[in-house]
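When a ligand or atom number is given, it counts from 1 through the structure's own listing order.
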Amino acid sequence: MADRPRIVGIDLGTTNTLVASVRNRIPKIVPTDRGNLTLPSVVALSSRGDLMVGGVAKDQMVTNPRNTLWGTKRLIGRKYNSKAVEDLKSYFPYDIVEGPNGDAAVMLGGKLYTLPQVSSFVLAQVKTIAEQFLGGPIDAAVISVPAYYNDNQRNAVKEAGKLAGFDVKRIVNEPTAAALAYGFNRGLDQKVLVYDLGGGTFDVSVLHLAGNVFEVLATGGDTFLGGTDFDNRIMEYVLERFREENKVDLTENPIALQRIKNAAEAAKIDLTLIPNVVIDLPFIDERKGKPLDLRIPLTREFLNSLTGDLVDRTFDICDRVLEEKGIARSEIDEIILVGGQSRMPLVQQKIQAHFGKPPRKGVHPDECVALGAALLGDSLGSIDAVTLLDALSMPIGYALPNGRVKRIIEKNSLIPLVKSFRLPPPKEPGSPFIELDIYQGDSDLLVDNEYLGTVRVPSAVAGRKIDFRLTEECLLQVTVEEASGMRKVDLATRDTPEQLKRALQEAAARNSPQGPSAGSGSDNGGLLSRIGSIFRRG
Ligand code: AMP
């Protein structure tokens, strides 16, 4: 066949993974062997010791939680000794341990797996699915990542792709891919806002589309705001109602909680289509040997009142991102929806009210990222290739002795780019080496940043030029001026620097029960805080 694709676009999602390919210039999602368009991003080990991926793995999530890995997109490319991993450890029922180079890793059936390995199992499955459906080998891929992913996370996803047997041609930001699915080859001149409300995170990006030039103007988001928060609100309500009616507290009953969590999400999704549902869970508990059933009606209107403030929070973020760049709401020509939670009617109504126009129909919120990645892959090297001008979502800098970060590349800088500065003298006078610990993050405080690695060069080059180059995939490359010219320096990926360890310990001490509270205050301090953190995020 003349037009058989050899490259696919992959949306490696927190909840689900999608793969798409382009045939005769039209991108399409490749269905899985179960006939679905999505493959759950879940890897598990069965009780017989078989490694399982996708739907079969997800099926054992409730019965075998310690050997079922889900949500690993939040962990990949993170250091074990980072604040992010520390916070996430209690969210997942499986074991998170320290792997090679101080990276976070996971245990499955008593064996350690790196997170790129775990993702590679999902990607390898997707590769097989695509090869079977498209009828031949697929050797290349474009893989999407969240815009806020740092350098480590991007490299880790690239490595996962390689382990799965792909030649990863490009890593592309998810909102950029979504915009591509909307605007590719349409000759548009527009400002579009990509509104991505997924299971666990909210992301917003504003792009300028000029023909096939896609320029990211600004990005922002909240990594702790998503569909799970909507489920939690329903859960909280259901538990309260049940307690009032039956004088029974279900928060101590993990099986009941898991059933209510699943039912809450199902009810929420049903309420997108129909105005009333009943949450019906027979034999949820027992009292004096008699079964107790849970039966609670829920209307769409009531769901809206339970969750309206969550939707409003997304607009605060949108407004902030627009303000940062001095863009007026009225300048936005189109709003593109991404992520399952954006299907909720309230979200769409509120978008219309906030921006004065309805979101764009016709771009599928679940599929557009994979479709855009496939279009990008197909266009690479062709005459109508797209130009992506992306923006850095989090600043990059190096550690100062006072526990702060000296910013080198600012947020929203257009990439690719090069930033040059002069190498400072070594920290200790007389030391044979200059060491710069490189960090990425929004905060000025080192402890809230992610450690990327260390530049280690001889002291003789103090005062010479050092270049930080960000490639079009937003990957950092460092070169240092030497007598013979500019030399590339590999970042030493060593364990957590001492300075960061100390800062983390101090932060942990501050956040201990005796210290000031670090709570976000979003779950009203009521039932949810007692339910346990596993149920906080899906
Ligand atoms: P994603 O991360 O994009 O797969 O989004 C998953 C989130 O979208 C989960 O919280 C789902 O419960 C939610 N979701 C999926 N479909 C719908 C729907 N039709 N209405 C409301 N929420 C949905």
Visitor: Going by heavy atoms, is T15 under 4.0 Å from ligand 1?
Guide: yes
Visitor: Can you tell me if R300 uses its side chain to pair, donor with acceptor, with the backbone of T272 under 3.5 Å?
Guide: yes
Visitor: For the side chain of T307 and the backbone of F230, is there at least one donor-acceptor N/O pair under 3.5 Å apart?
Guide: no
Visitor: Looking at atom 16 (N) of ligand 1, what's its closest protein heavy atom, distance included?
Guide: R343 NH1, 3.4 Å
Visitor: Surrounding NZ of K28 (heavy atoms of other residues, nucleotides or ligands, distance under 6.0 Å), is the total greater than 12?
Guide: no
Visitor: Relative to the heavy atoms of K268, which atoms of ligand 1 are at a distance of less than 4.0 Å?
Guide: 10 (O), 11 (C), 12 (O), 13 (C), 22 (N)
Visitor: Keeping R241 on the side-chain end and I296 on the backbone end, is there a donor-acceptor pair under 3.5 Å?
Guide: no
Visitor: Which residue and non-hydrogen atom of the protein lie closest to atom 23 (C) of ligand 1, and at what distance in Å?
Guide: G340 O, 3.2 Å
Visitor: Which residue and non-hydrogen atom of the protein lie closest to atom 2 (O) of ligand 1, and at what distance in Å?
Guide: G199 N, 3.0 Å
Visitor: Can you sort out which atoms of ligand 1 are near G339, meaning under 4.0 Å from one of its heavy atoms?
Guide: 3 (O)
Visitor: Run F224 and F202 through ring pair (Phe, Tyr, Trp, His ring centres under 6.0 Å) and show every step you take.
Guide: CA-CA 8 Å; F224 287 95; F202 172 65; over 10 Å; no
Visitor: Among protein heavy atoms, which sits nearest to atom 8 (O) of ligand 1, and what does the distance come to when rounded to 0.1 Å?
Guide: Q341 N, 3.0 Å
Visitor: Is it true that, when you exclude K58 itself, more than 12 heavy atoms of the residues, nucleotides or ligands shown sit nearer than 6.0 Å to its NZ?
Guide: no
Visitor: With atoms numbered from 1 as shown, which atoms in ligand 1 lie under 4.0 angstrom from a non-hydrogen atom of G227?
Guide: 10 (O)
Visitor: What protein heavy atom lies closest to atom 18 (C) of ligand 1? Include the residue and the distance to one decimal.
Guide: T272 OG1, 3.7 Å
Visitor: Between R259 and D280, does any NZ, NE, NH1 or NH2 come within less than 4.0 Å of an OD or OE carboxylate oxygen?
Guide: no
Visitor: Counting only heavy atoms, which portion of E265 has something under 4.0 Å from ligand 1: side chain, backbone, both, or neither?
Guide: side chain
